[in-house]
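Read the numbers this way: they start at 1 and go in the same order the structure lists the ligands and their atoms. Numbering starts at 1 and runs along the sequence shown.
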Amino acid sequence: MDHGIQANSSESNPSQGHVSHLALDIGGSLIKLVYFSRKNDVSVDNKEEKSSKETVLVSNGDGKCPVLHGRLHFAKFETSKINDCLEFIQRNQLHLGGFQHHGVPGSEKSIIKATGGGAYKYTDLFKEKFGIFLDKEDEMDCLVAGANFLLKTVNEEAFTYTNGHKDFVQIDHDDLYPYLLVNIGSGVSMIKVDGDGKFERVSGTNVGGGTFWGLGRLLTKCKSFDELLELSHRGNNRVIDMLVGDIYGGMDYTKIGLSSTTIASSFGKAISDNKEIEDYNPEDIARSLLRMISNNIGQISYLNALRFGLKRIFFGGFFMRGHAYTMDTISVAVNFWSKGEAKALFLRHEGFLGALGAFTSYEKHGFDDSIVRQLVQKSPVSASHAGYKIHGPLNGERNENESIECSVYVN
Ligand SMILES: Nc1ncnc2c1ncn2[C@@H]1O[C@H](COP(=O)(O)OP(=O)(O)OP(=O)(O)O)[C@@H](O)[C@H]1O
Ligand SMILES: CC(C)(CO)[C@@H](O)C(=O)NCCC(=O)O
């Protein structure tokens, strides 16, 4: 099951370095963790002056500023298996990676930044288990902060996906806003982003990732989300979906721009097939379901982009899961409805926006002396994955728990 950091990467083992700034996003389906681990052996380039084993000073224009080199780690767990997450935190001592709040002398509280509904729901659990206090950050604030952070900081974060082809998009920082952020988690939030901390949640839909996984599980009896995606990969939606051609005797409906292969009605063939659910292949059911939900989200997203004249729609959330068919369907829907005017863009760290936003909020509050000033990528640029080192298997596909080598500028 996909939880925890990848086992085959010794460098990403947080216990090798000092862990700080743990942040959590506890959603309806998944818990996401982001934390920074300081490297013990810091390599120092010529411009840098070593000040301690773990901290180096770099010139910051107006003087020297200490920098911690290390890695940003990502991990996720199913919310229904929160005990696995607690065990992971305990095993890696991540709960010590918050900050101390010095209020009344002798009443120091250990605080961890957290967002998502579970930050409210599980406050007591974290208090009882670790004696830590979850400092709640608003979920929408965090999604936007996480998206802006990734788009401004990480090279090759955003990409388009068309006909099975991934194209990374260079983000011009001066021309980033406005954009529509569509976060597809259990449910879907659509947020118009106008700047850092400047946004409005303009829409949402309850037909989201939880719907795909919940309905898919009931209809196919599959045991995991990965299995459902795998089924959809092998399926053929035309077996169940009613196409325009099915209605029009194999012809296009050219007058209104519908080809014979366009889906006229998702699951529509099941009306007349006189079959029971057992008579359909789970693969075909999974495929139709994925197509139906991705299409619907793509269409609602486009309509909201149209409402506000937005040309770029960034899609985040773990529903995507870097899955080719999902991204392709969403891209086609946005392209189809906007007649090529709007573009669907995807994010490599799709499901970690909220957790990253909570992570960067340590800075906002100026807690303790290790304030995150800036995260910069440290790794040499490689041809395939410019800007950051990737650990674990590289099959040309994103490794969702990859860590990013980076530096934290501190006060
Ligand atoms: N291993 C997995 N287990 C369960 N769902 C998964 C898994 N991987 C991807 N998903 C999909 O991702 C969705 C959850 O995405 P995400 O973590 O972004 O949202 P969330 O924070 O849990 O939800 P919300 O924000 O609505 O509370 C699930 O509903 C499912 O569609
Ligand atoms: C309720 C949240 C914000 C929780 O993350 C999310 O699941 C969501 O945006 N759901 C869609 C709710 C709606 O706007 O219909």
**OP:** Verify the distance criterion only: is there a donor paired with an acceptor across the side chains of Ser37 and His73 at less than 3.5 Å?
**Re:**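 A donor-acceptor contact under 3.5 Å links the two side chains.
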Would you mind listing which atoms of ligand 1 come within a distance below 4.0 Å of any non-hydrogen atom of [X]?
X: Lys32; answer: 16 (P), 17 (O), 19 (O), 20 (P), 21 (O), 22 (O)
X: Gly317; answer: 18 (O)
X: Gly27; answer: 20 (P), 21 (O), 22 (O), 27 (O)
X: Gly28; answer: 20 (P), 22 (O), 23 (O), 24 (P), 27 (O)
X: Gly209; answer: 29 (O), 30 (C), 31 (O)
X: Arg321; answer: 1 (N), 7 (C), 8 (N), 9 (C)
X: Gly210; answer: 29 (O)

Calculate, to the nearest 0.5 Å, the distance between atoms [atom1] and [atom2] belonging to [X] and [Y] respectively.
X: Leu228; Y: Phe212; atom1: CG; atom2: CZ; value: 3.5 Å
X: Gln93; Y: Leu22; atom1: CD; atom2: CG; value: 12.0 Å
X: His323; Y: Glu350; atom1: NE2; atom2: CD; value: 11.5 Å
X: Ile184; Y: Arg321; atom1: CD1; atom2: CZ; value: 14.0 Å
X: Ile313; Y: Tyr179; atom1: CD1; atom2: OH; value: 13.0 Å
X: Ile89; Y: His95; atom1: CD1; atom2: NE2; value: 9.0 Å

The closest protein heavy-atom partner of atom 5 (O) of ligand 2 is Glu139 OE2, 2.4 Å
Decide side chain to side chain donor-acceptor pair (under 3.5 Å) for Ser29 and Ser186; before the verdict, give the C-alpha distance in whole Å, the side-chain angles of both, and the deciding distance to 0.1 Å.
CA-CA 6 Å; Ser29 306; Ser186 316; 2.8 Å; yes
Does [X] come within less than 4.0 Å of ligand 1, judged by its heavy atoms?
X: Gly116; result: no
X: Gly117; result: no
X: Phe319; result: yes

_Is there a polar contact between ligand 1 and Ser186, counting only N or O atoms under 3.5 Å apart?_
yes
Self-check item: Test of proximity, Ser29 against ligand 1: N or O pairs below 3.5 Å
Solution: yes
| Test side chain to side chain donor-acceptor pair (under 3.5 Å) applied to Asn183 and Ser189, step by step | CA-CA 5 Å; Asn183 193 65; Ser189 284; over 6 Å; no
Q.
Evaluate Ser189 for polar contact with ligand 2, using N/O atom pairs at a separation under 3.5 Å.
A. yes
| said: Below the 3.5 angstrom mark, is there an N/O of Arg201, backbone or side chain, next to an N/O of ligand 2? | reply: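 Arg201 vs ligand 2: N/O contact under 3.5 Å present.
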Exercise for the section: Would you confirm whether the ring centroid of Phe352 sits within less than 6.0 angstrom of the ring centroid of Phe318? Expected result: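 Ring-ring flag for Phe318/Phe352: true, centres closer than 6.0 Å.
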*asked:* With a sphere of 6.0 Å drawn around NZ of Lys121, does it hold more than 12 non-hydrogen atoms of other residues, nucleotides or ligands?
replied: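 Open.
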key: Location of contacts on Glu139 toward ligand 1, heavy atoms closer than 4.0 Å   =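 Under 4.0 Å from ligand 1, Glu139 contributes side-chain atoms alone.
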Within the 4.0 Å heavy-atom cut-off, what Phe318 brings close to ligand 1 is both
inquiry  = Is atom 11 (C) of ligand 2 near the protein, in the sense that some protein heavy atom lies at less than 4.0 Å from it?
reply    = yes
field: Identified side chain to side chain contact (heavy atoms under 4.5 Å, CB included) partner of Phe315 from the options Val188, Leu347, Leu181, Ile330
entry: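 Of all the options given, the one that passes is Ile330.
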Closest to atom 4 (C) of ligand 1 (heavy atoms only, candidates Phe352, Phe212, Trp213) is Trp213
In terms of atom number and element, which parts of ligand 2 are under 4.0 angstrom from non-hydrogen atoms of [X]?
X: Asn206; value: 15 (O)
X: Met140; value: 3 (C)
X: Val188; value: 8 (C), 9 (O), 10 (N), 11 (C)

| task | Please lay out, stage by stage, how Ile277 and Leu219 fare under the test side chain to side chain contact (heavy atoms under 4.5 Å, CB included). | result | CA-CA 8 Å; Ile277 187 134; Leu219 294 174; 3.4 Å; yes
